[in-house]
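To start, the structure itself, in structure tokens.
Quick note: numbers below take in every heavy atom, side chains included, and nothing from hydrogens, waters or symmetry partners. First listed ligand is number 1; within each ligand, the first listed atom is number 1. Just so we're clear, the structure is a prediction, and the values are computed from it rather than from any experiment.
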Amino acid sequence: MNAYIAGVGHHVPDKVLTNTDLEKMVDTSDEWIRTRSGIIERRVSEPDIPTSDLAILAAQRALKSAKISPKDLQMIIVATATPDMFFPSTACLVQAKLGARKIMSFDIGAGCSGWLYALSVAEGFIKKGYDNILVIGAEELTKITDYTDRSTCILLGDAAGAAILKRTDEDRGILSTYFAADGSYGDLLYMPAGGTRMPPSHESIDNKMHYLKMQGNEVFKVAVRAMYESAHEVLKKAHLKPGDVAFLIPHQANIRIIEATAKRLHIPMDRVGINLDRYGNTSAASIPISLDEAVQSGKIKKGDIICLVAFGAGFTWGGVLLRW
Ligand code: UT7
């Protein structure tokens with residue numbers, strides 16, 4: 001019994017924040033942002049639109065693409081670091097808004113690797129006999145972004161991507177997975193306040209502790225190693241080589257991380273999914289968006305080997321290898 005992706009969809013808010021806009025907000029330049037990150041613009045959700053609203057729109061497109069209805073779903077998993085609330089989970093909000101049956105629904109928190117972690121968890125349930133699992137990556141990072149911190153505010157954007165995982169007896173779908181985490185790096189990429197370690201207070205707000213903090217250059221070094229390791233491990237498990245990969249979809253944090261990963265794997269950039277130029281770093285949403293774009297543009301065809309790799313807060317990292 002294999003698990004395969006039967007449909008994909010994504011949604012991004014309409015509002016665009018360009019590098020030129022950011023030049024007016026912090027001491028930066030379009031040239032610095034483009035050359036150091038590869039980002040040109042990103043999307044920003046409206047203040048009254050929560051993460052679950054982006055998730056719903058992506059989910060509806062994925063359901064349409066898989067030609068199933070919300071009533072056919074047997075499980076909903078949402079990967080997010082920016083849920084609507086601590087609880088209920090964003091997945092429960094999605095379940096109700098979609099009009100799905102009373103099915104198991106829960107969130108996964110694994111930073112930018114969240115959607116891949118969720119896909120792997122869903123694969124486990126498919127192997128147990130479940131079918132039609134909705135796996136969403138949805139983020140509103142701009143709502144935890146400090147727009148006075150030039151080292152982070154240029155990177156982050158809002159978006160959602162979704163896929164339907166189905167059961168099959170055919171030789172297709174997920175071939176191998178690999179996951180890892182190292183919590184000793186936690187304080188290099190984190191949001192200090194709002195949880196039990198530093199509950200919200202006037203002081204925590206005054207000290208800007210409810211925003212994402214990152215030591216970018218330290219994160220960068222580990223990210224390059226971890227993304228390569230993830231690709232290497234999933235290929236090894238499936239007895240395949242980088243040359244067998246028709247399309248590589250890496251998490252979209254920085255074009256230099258993506259290029260370094262592709263170079264080490266000897267995969268040319270025209271076989272690599274890129275959307276950070278238009279959407280910035282959308283965390284758990286970046287890979288399903290790229291997958292949807294590649295399917296829609298015909299870059300992925302039936303039978304192709306697709307390698308998905310991610311790295312994020314935790315640190316967490318991992319990969320999923322698929323036969324489309
Ligand atoms: O999503 C998963 C996890 N996230 C990542 O994987 C992100 C990984 N990190 C990165 O993408 C990069 O480290 C950044 C894009 C965040 C930063 O690029 P960098 O080349 O690592 O820059 P840096 O942090 O080493 O800073 C170099 C210089 C510093 O100035 P000094 O100290 O050399 O004078 C910064 O203050 O660039 C300065 N700088 C900026 N200058 C103009 C930092 N941000 C900006 C900015 N505009 N926006």
**Request:** Taking only heavy atoms of the protein into account, state which residues are under 4.0 angstrom from an atom of ligand 1, in chain and number order.
**Result:**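 Lining ligand 1 at under 4.0 Å, by heavy atoms, one finds Asp27, Thr28, Trp32, Arg36, Cys112, Arg150, Ser151, Ile154, Leu155, Leu189, Met214, Gly216, Asn217, Val219, Phe220, His251, Ala253, Asn254, Arg256, Ile257, Asn281, Phe311.
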Please table the atom pairs, donor to acceptor, closer than 3.5 Å between any side-chain atom in residues 93-106 and protein atoms at least two apart or in another chain.
from, atom 1, to, atom 2, distance (Å)
Gln95, NE2, Ala100, O, 3.3
Gln95, NE2, Arg101, O, 2.9
Lys97, NZ, Ser52, OG, 2.7
Lys97, NZ, Asp53, OD1, 2.6
Arg101, NE, Lys71, O, 2.7
Arg101, NH2, Leu73, O, 3.0
Ser105, OG, Ile103, O, 3.0

**Asked** Any cation-pi pair here, Arg172 with Tyr4, using under 6.0 Å and within 45°?
**Response** yes
**Asked** Which pairs, with at least one residue in residues 256-266 and sequence neighbours excluded, count as a side-chain hydrogen bond (donor to acceptor under 3.5 Å, both in side chains)?
**Response** none
Please list every donor-acceptor pair under 3.5 Å in which a side-chain atom of residues 75-83 meets a protein atom from a residue at least two apart or in another chain.
from, atom 1, to, atom 2, distance (Å)
Thr80, OG1, Thr82, N, 2.9
Thr80, OG1, Thr82, O, 3.4
Thr80, OG1, Thr82, OG1, 3.4
Thr80, OG1, Ala138, O, 2.7
Thr80, OG1, Glu139, OE1, 3.2
Thr82, OG1, Glu139, OE1, 2.6
Thr82, OG1, Glu140, N, 2.9

**Prompt:** Can you name the one residue among Val234, Leu116, Val121, Thr316 that meets side chain to side chain contact (heavy atoms under 4.5 Å, CB included) with Phe179?
**Reply:** Leu116
**Asked** Asp304 side chain to Ile306 main-chain N or O, any donor-acceptor pair under 3.5 Å?
**Response** no
